[in-house]
Amino acid sequence: MRDVLPPESMRMRAATGVFADVVTRAGYGEVAPPLLEDIGVFARLGDGTDVVTKEMYDFVDKGGRHIALRPEQTASVCRLFVEHRPPTPFKAWYAGANFRYEKPQRGRYRQFDQFGVEVLGSSDPDLDVEVIALAHDFYRSLGLTGVEIVINSLGLPTDRAAYTAALGEFCRSRAADLSEAGRDTLAKNPLRLLDSKRSEDRAALADAPPIDEFWSVEAAQHHEHVLQGLTSLGIEFTEDRRLVRGLDYYRLTTFEFRSSALDGAQNAVGGGGRYDGLVENLGGPSTPGVGFALGVERTLLACDAENVFSAPSNAADVFIVDTAGCGDALAMTTELRRSGLRCERAYDARSMKAQMKAADRSGARVAIIVGEHEAQTGTVTIRDMSGATDQQSISRNEAVEYIHRLLNP
Ligand code: HAM
């Protein structure tokens, strides 16, 4: 888990702003589910997933309830939907922390942030296209150009079940060639073997049957519609029949966003898909759903690697240098801040030299000097920190207006 300090904290806030702009324009409203839920909410994500079986921070609270810190927010949004029954299609976005007890490394943390959207109540394939396009537009808005979209379909639940059985049978016939961990995965969820990174598993599965041979007509049509939609928007993608993703709730469309600027192991900057049975699983009416979540830290690592979306400047506009100590600095600082400027000052009655140094460090374009002479004459001295113009003495009463004119000519 990381501490986030300025300027990275400002960068995360700025990224949240960009995401909010993109999804708000598409009619999504922000939701903020609690950080923890009854463990049953997340158990629905499937007992074949590491996220549920190995990585959950769960505990019994003082009331004897078994609860867990959320490992993701799709299940929380579905629970929230069942509880509040908003009108459909319910289009929600969120930003916030998630917790997974994973082996930490660069780009993989035990507390990490996600931005995401979920749409509940429509099976229109245009929505699959819409959410992918929103993520794509968000990455573009940050300036990222190296994010690839990888897409697949897991078919309808019956297709998926038939495929899982066929794949299981195929893998069992090759069990001796699988890695030990691979045999473990085979027992729990053969689908997850498809994206195993272990070389023995990859070799053993080299001619495993592809999932599209098991798609029903409906699944194939849905997939075709999604691909055509993306193509019509000029959004490039790659199809990968082995993309199954780490959570069990997906059916039909699944997709992942990968940054070519990041290291292979942690290059997934986001992912999502359709999960038409999850709301029902949580006790709600049969409700289709589609959405994605993006890893904020990884997205910003990709920005570092592509040299885009640097932290916003936290430079002050104005710095107050006070050598009179008569309260004028306090008043002036407050007045300038209230007028909308970013105004910094020195404290502890330090020497003029130390204060000028602090003014320099603050990045302010202008310093206002309030010394004894100024206090007596009702003036302030204005110094252009770039040194481009000469120092000026002006009336204290006109100072705020003057600074505004100076900064925004
Ligand atoms: P996920 O693939 O588990 O999907 O997570 C989405 C993204 O969160 C990943 O692509 C990655 O960028 C980031 N992420 C995951 N784990 C970590 C970690 N330990 N450290 C840093 N970043 C991480 C979901 O969470 C689904 N809820 C997505 C979804 C929404 N599907 C439908 N709607």
Side-chain angles (χ1 to χ4, degrees), residues 1-2 4 12 15 19 23 28 31 33 37 41-42 44-46 49-52 54-57 69-81 90-120 127-128 130-132 134-135 138-139 144 147-152 154 192 195 243-259 261-279 287-303:
M1 296 180 184
R2 310 181 315 151
V4 186
M12 285 178 82
F19 187 76
V23 296
Y28 291 69
V31 292
E37 299 267 357
V41 171
F42 303 122
R44 305 300 196 290
L45 300 177
T49 78
D50 285 353
V51 170
V52 173
K54 294 197 204 141
E55 297 169 1
M56 214 128 63
Y57 280 88
L69 294 179
R70 63 186 184 202
E72 59 111 58
Q73 293 170 68
T74 310
S76 304
V77 173
C78 290
R79 194 269 311 141
L80 168 160
F81 177 82
F90 177 53
K91 295 168 70 170
W93 73 271
Y94 51 82
N98 311 278
F99 304 84
R100 295 184 191 176
Y101 195 81
E102 292 192 87
K103 198 168 163 216
Q105 52 187 272
R106 188 176 147 83
R108 199 204 275 162
Y109 313 101
R110 289 182 170 169
Q111 176 179 332
F112 60 95
D113 273 62
Q114 284 183 339
F115 298 152
V117 304
E118 312 292 348
V119 187
L120 295 172
L127 272 171
D128 307 29
E130 176 173 306
V131 298
I132 294 172
L134 287 175
F138 169 65
Y139 290 129
L144 288 171
V147 177
E148 291 156 8
I149 301 171
V150 182
I151 189 165
N152 192 20
L154 294 176
R192 286 318 307 270
D195 62 0
L243 177 74
V244 288
R245 312 240 326 109
L247 294 152
D248 274 355
Y249 49 60
Y250 294 109
R251 46 181 77 172
L252 296 171
T253 312
T254 52
F255 52 86
E256 206 157 85
F257 303 99
R258 294 183 189 152
S259 165
L262 290 183
D263 206 34
Q266 313 300 330
N267 69 352
V269 289
R274 268 208 173 269
Y275 47 90
D276 291 354
L278 192 55
V279 170
T287 309
V290 63
F292 67 75
L294 312 177
V296 179
E297 291 83 358
R298 277 190 207 173
T299 299
L300 293 179
L301 282 174
C303 289

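Counting starts at 1 for both ligands and their atoms, following the listed order. These values consider heavy atoms only, across backbone and side chains, with no hydrogens, waters or symmetry-generated copies.
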Next on the checklist: Quiz question: by atom type and distance under 3.5 Å, do the side chains of Ser259 and Asn267 form a donor-acceptor pair?
Outcome noted: no
Item to check | Contact with ligand 1 for Gly289, non-hydrogen, under 4.0 angstrom | outcome: no
Checklist entry - Gln266: heavy atom below 4.0 Å from ligand 1, yes or no? => result no
Item to check | ligand 1 atoms in contact with Thr74 (distance to a heavy atom under 4.0 Å) | outcome: 26 (C), 27 (N), 29 (C), 30 (C), 31 (N), 32 (C), 33 (N)
Checklist entry - Has Arg110 got its NZ or CZ under 6.0 Å from the middle of the six-membered ring of Tyr101, at an angle within 45 degrees of the ring axis? => result yes
Considering [options], which one's heavy-atom position lies nearest to [atom]?
{"atom": "atom 10 (O) of ligand 1", "options": "Gly270, Gly291, Ser259", "value": "Gly270"}
{"atom": "atom 29 (C) of ligand 1", "options": "Phe115, Tyr250, Tyr275", "value": "Tyr250"}
{"atom": "atom 2 (O) of ligand 1", "options": "Arg258, Glu102, Arg245", "value": "Arg245"}
{"atom": "atom 26 (C) of ligand 1", "options": "Tyr249, Phe292, Phe112", "value": "Tyr249"}

Give me the nearest non-hydrogen protein atom to [atom] as residue plus atom name, then the distance to 0.1 Å.
{"atom": "atom 24 (C) of ligand 1", "answer": "Leu247 CD1, 3.5 Å"}
{"atom": "atom 20 (N) of ligand 1", "answer": "Tyr109 N, 3.0 Å"}
{"atom": "atom 9 (C) of ligand 1", "answer": "Ala268 O, 4.1 Å"}
{"atom": "atom 8 (O) of ligand 1", "answer": "Gln114 NE2, 3.2 Å"}
{"atom": "atom 21 (C) of ligand 1", "answer": "Gly107 O, 3.4 Å"}

Heavy-atom distances under 4.0 Å decide this one: backbone, side chain, both or neither, for [X] against ligand 1?
{"X": "Glu118", "value": "side chain"}
{"X": "Phe257", "value": "neither"}
{"X": "Asn98", "value": "neither"}

Checklist entry - Any N or O on Arg100 sitting closer than 3.5 Å to an N or O of ligand 1? => result yes
Item to check | Step-by-step side chain to side chain contact (heavy atoms under 4.5 Å, CB included) determination, Val31 to Trp93 | outcome: CA-CA 6 Å; Val31 292; Trp93 73 271; over 6 Å; no
Item to check | Pair Arg70 + Glu37: basic N to acidic O under 4.0 Å | outcome: no
